2 protein chains.
Amino acid sequence: MARTKKGKGQEPEQVPEIDIFREYIRRKGLRFTPEREIIVREIFEIHDHFDVDELYLRLRNKGKKLSKASIYRTIPLLKDCGLIQEVYHEDGHMHYEHVYGHEPHAHLRCLTCRRVDEFTDERLREIERDVSERFGYRLTGFRFELIGYCPECLKKEIS
Amino acid sequence: MARTKKGKGQEPEQVPEIDIFREYIRRKGLRFTPEREIIVREIFEIHDHFDVDELYLRLRNKGKKLSKASIYRTIPLLKDCGLIQEVYHEDGHMHYEHVYGHEPHAHLRCLTCRRVDEFTDERLREIERDVSERFGYRLTGFRFELIGYCPECLKKEIS
DNA sequence: AGACAGTTGAATTTCTTTAACAATTTTTTA
DNA sequence: TAAAAAATTGTTAAAGAAATTCAACTGTCT
């Protein structure tokens with residue numbers, strides 16, 4: 001799942017996520033605490049979808065003892081400042097992904113094996129733009145999921 | 001929120017949802033019980049997004065005393081036979097919508113007032129078709145959400 | 001340095017969804 | 001038509017996610 005494009009090489013420089021967050025926090029009159037910093041840094045070391053429990057376990061394994069409550073409290077902040085986004089609710093809990101610095105993309109989900117592929121399509125942007133105009137919305141993001149059965153699962157299935 | 005198009009007038013006849021469901025149930029060797037019938041009929045009298053609790057209350061108000069467990073048990077059946085679909089997870093629970101007999105459409109969601117608008121776009125179908133070919137998936141549906149702020153909320157906001 | 005307001009972790013609570021189970025109903029089989 | 005097999009229901013309990021409460025603590029600002 002190569003989903004990321006770090007701002008290295010010839011791509012234009014990108015403000016680090018942590019700075020975006022710090023700035024957002026300050027603008028809101030909140031506090032940039034060590035806990036929040038640890039959580040945010042960890043999230044951006046994961047280069048794939050993640051969930052609260054995974055994040056919590058990763059931090060524990062690194063010896064960082066944060067409460068889940070802090071994670072639950074930090075996530076809305078990250079959503080609000082446009083760094084992450086909810087992707088899908090599965091297995092009883094929400095899954096998230098990075099947004100900032102990532103090409104807007106869509107997901108292909110297999111109902112059988114739960115594999116998730118990603119793709120981009122120029123037309124999504126166009127639709128976004130058109131609809132935004134037509135309805136007068138100011139859009140902050142989109143979520144596009146195609147749901148079905150992947151080629152592997154189709155092969156296995158004999159019906 | 002006019003989301004529905006009943007198969008009346010000059011539109012082609014459509015097999016009633018309940019028949020689709022009955023047929024699916026029979027094919028699976030399950031049983032078409034009165035409880036299931038009541039639930040399915042109620043769902044298709046709602047012409048908007050719905051959730052389990054709303055459905056439960058509607059039934060109670062009509063004097064139909066079904067357990068929530070039965071609703072929770074019926075929903076996956078309706079999803080499996082393509083009559084309904086999950087739309088989004090909000091306020092701690094899942095929301096559903098009809099699929100069968102409805103033009104595939106996308107949602108526009110306002111983060112402030114939670115209003116949901118709908119629209120269709122021919123390009124969504126095209127993308128669906130193209131991606132399906134490219135990745136070899138057999139698709140059963142899609143979910144497309146544009147997230148942002150509606151014109152009304154933008155007006156109220158003074159920043 | 002001191003005051004204020006925001007934050008943390010632990011425990012608790014709320015809420016959704018699933019599961020277990022005994023009683024019941026339907027279907028199948030003989 | 002009766003007995004056996006299988007599925008379904010409601011109730012109750014359980015599991016789990018997410019939000020909340022609160023006392024202790026810690027940045028931030030002056």
Side-chain angles (χ1 to χ4, degrees), chain A residues 18 21-43 49-60 62-81 84-96 114, chain B residues 18 21-43 49-60 62-81 84-96 114:
Chain A
I18 197 72
F21 182 69
R22 190 186 284 113
E23 172 55 23
Y24 168 80
I25 284 293
R26 216 165 44 75
R27 203 172 52 240
K28 288 279 239 178
L30 303 176
R31 290 180 191 162
F32 187 72
T33 65
E35 288 84 359
R36 285 177 177 162
E37 177 163 8
I38 289 170
I39 291 167
V40 175
R41 288 197 185 280
E42 189 62 36
I43 284 177
H49 300 161
F50 66 95
D51 56 60
V52 169
D53 206 57
E54 180 191 342
L55 185 54
Y56 178 71
L57 291 176
R58 283 178 62 118
L59 288 169
R60 291 215 116 235
K62 292 189 178 181
K64 317 268 172 97
K65 294 222 196 67
L66 298 175
S67 71
K68 273 194 185 176
S70 288
I71 297 178
Y72 278 115
R73 285 188 280 231
T74 302
I75 282 181
L77 300 174
L78 287 164
K79 283 184 4 186
D80 284 353
C81 66
I84 68 172
Q85 188 186 28
E86 297 182 346
V87 219
Y88 49 81
H89 189 267
E90 193 175 70
D91 300 318
H93 59 268
M94 191 55 75
H95 296 249
Y96 303 88
R114 303 197 152 177
Chain B
I18 198 72
F21 181 69
R22 190 188 283 113
E23 172 55 23
Y24 168 81
I25 285 291
R26 217 164 43 74
R27 204 170 54 240
K28 289 278 241 180
L30 304 175
R31 290 174 193 168
F32 187 72
T33 65
E35 288 83 359
R36 285 177 178 162
E37 177 163 7
I38 289 168
I39 291 168
V40 174
R41 287 197 187 281
E42 189 62 35
I43 284 177
H49 300 162
F50 66 94
D51 57 58
V52 168
D53 206 56
E54 180 190 343
L55 185 54
Y56 178 69
L57 292 176
R58 284 178 62 117
L59 289 169
R60 290 215 117 238
K62 293 189 177 181
K64 318 267 173 99
K65 293 222 196 66
L66 298 175
S67 69
K68 271 195 185 174
S70 288
I71 297 178
Y72 277 114
R73 284 188 282 230
T74 303
I75 282 181
L77 300 174
L78 287 165
K79 284 183 5 185
D80 283 353
C81 66
I84 68 171
Q85 188 186 29
E86 296 181 346
V87 220
Y88 48 81
H89 183 88
E90 193 173 72
D91 299 318
H93 58 267
M94 191 55 74
H95 297 249
Y96 302 88
R114 302 198 154 176

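Letters go in sequence order (proteins before strands), and every chain restarts at 1. Predicted, not measured: the structure shown is a model, and the values here were computed from it.
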* Sidechain N-carboxylate O distance under 4.0 Å for A:E42, A:K62 -> yes
* Asked: Hey, are A:R114 and A:D91 close enough for a salt bridge, meaning a charged N less than 4.0 Å from a carboxylate O?
  -> yes
* Run the side-chain contact (heavy atoms from CB on, under 4.5 Å) check on B:H93 and B:D53 step by step: do they pass? -> CA-CA 9 Å; B:H93 58 267; B:D53 206 56; 5.9 Å; no
How many Å lie between [atom1] on [X] and [atom2] on [N], as a whole number?
X: A:R22; N: D:dT28; atom1: CZ; atom2: P; result: 10 Å
X: B:K64; N: D:dG10; atom1: NZ; atom2: P; result: 13 Å
X: A:K28; N: C:dT7; atom1: NZ; atom2: C1'; result: 16 Å
X: B:I25; N: D:dA7; atom1: CD1; atom2: C1'; result: 11 Å
X: A:E37; N: C:dT8; atom1: CD; atom2: C1'; result: 16 Å
X: B:H95; N: C:dT17; atom1: NE2; atom2: P; result: 9 Å
X: A:E35; N: D:dA24; atom1: CD; atom2: C1'; result: 13 Å
X: B:L57; N: C:dT16; atom1: CG; atom2: P; result: 11 Å

Identify which nucleotide among [options] has an atom closest to any side-chain atom of [X], counting heavy atoms from C-beta outward.
X: A:H93; options: C:dT26, D:dA18, C:dT17; result: D:dA18
X: B:Y72; options: C:dT7, C:dT18, D:dA19; result: C:dT18
X: B:S67; options: C:dG9, D:dT11, C:dT17; result: D:dT11

Taking atom types as they are modelled, would you say the side chain of [X] forms a donor-acceptor pair with the base of [N] within the 3.5 Å cutoff?
X: A:R73; N: C:dG6; answer: no
X: B:R31; N: C:dT26; answer: yes
X: A:R36; N: C:dG6; answer: no

* Asked: Looking at A:M94 and A:Y88, what are the two nearest heavy atoms and their distance?
  -> SD-O, 3.4 Å
* Structure fact -> When A:L77 and B:M94 are each assigned the nearest nucleotide of DNA chain C, the 5'-most assignment goes to A:L77
* Scan B:K68 against the nucleic acid and name what it touches under 4.0 Å (heavy atoms): base, sugar-phosphate only, or nothing. => nothing
* Which value, rounded to the nearest 0.5 Å, describes the distance between A:H95 atom NE2 and A:E90 atom CD? -> 5.5 Å
* OP1 or OP2 of C:dT26 under 4.0 Å from side-chain N/O of B:T33 -> no
* Comparing A:D91 and B:L30 on DNA chain D - which has the more 5′ nearest nucleotide -> B:L30
* Structure fact -> The residue, B:H89 or B:L66, whose nearest nucleotide of DNA chain D is more 5′ is B:L66
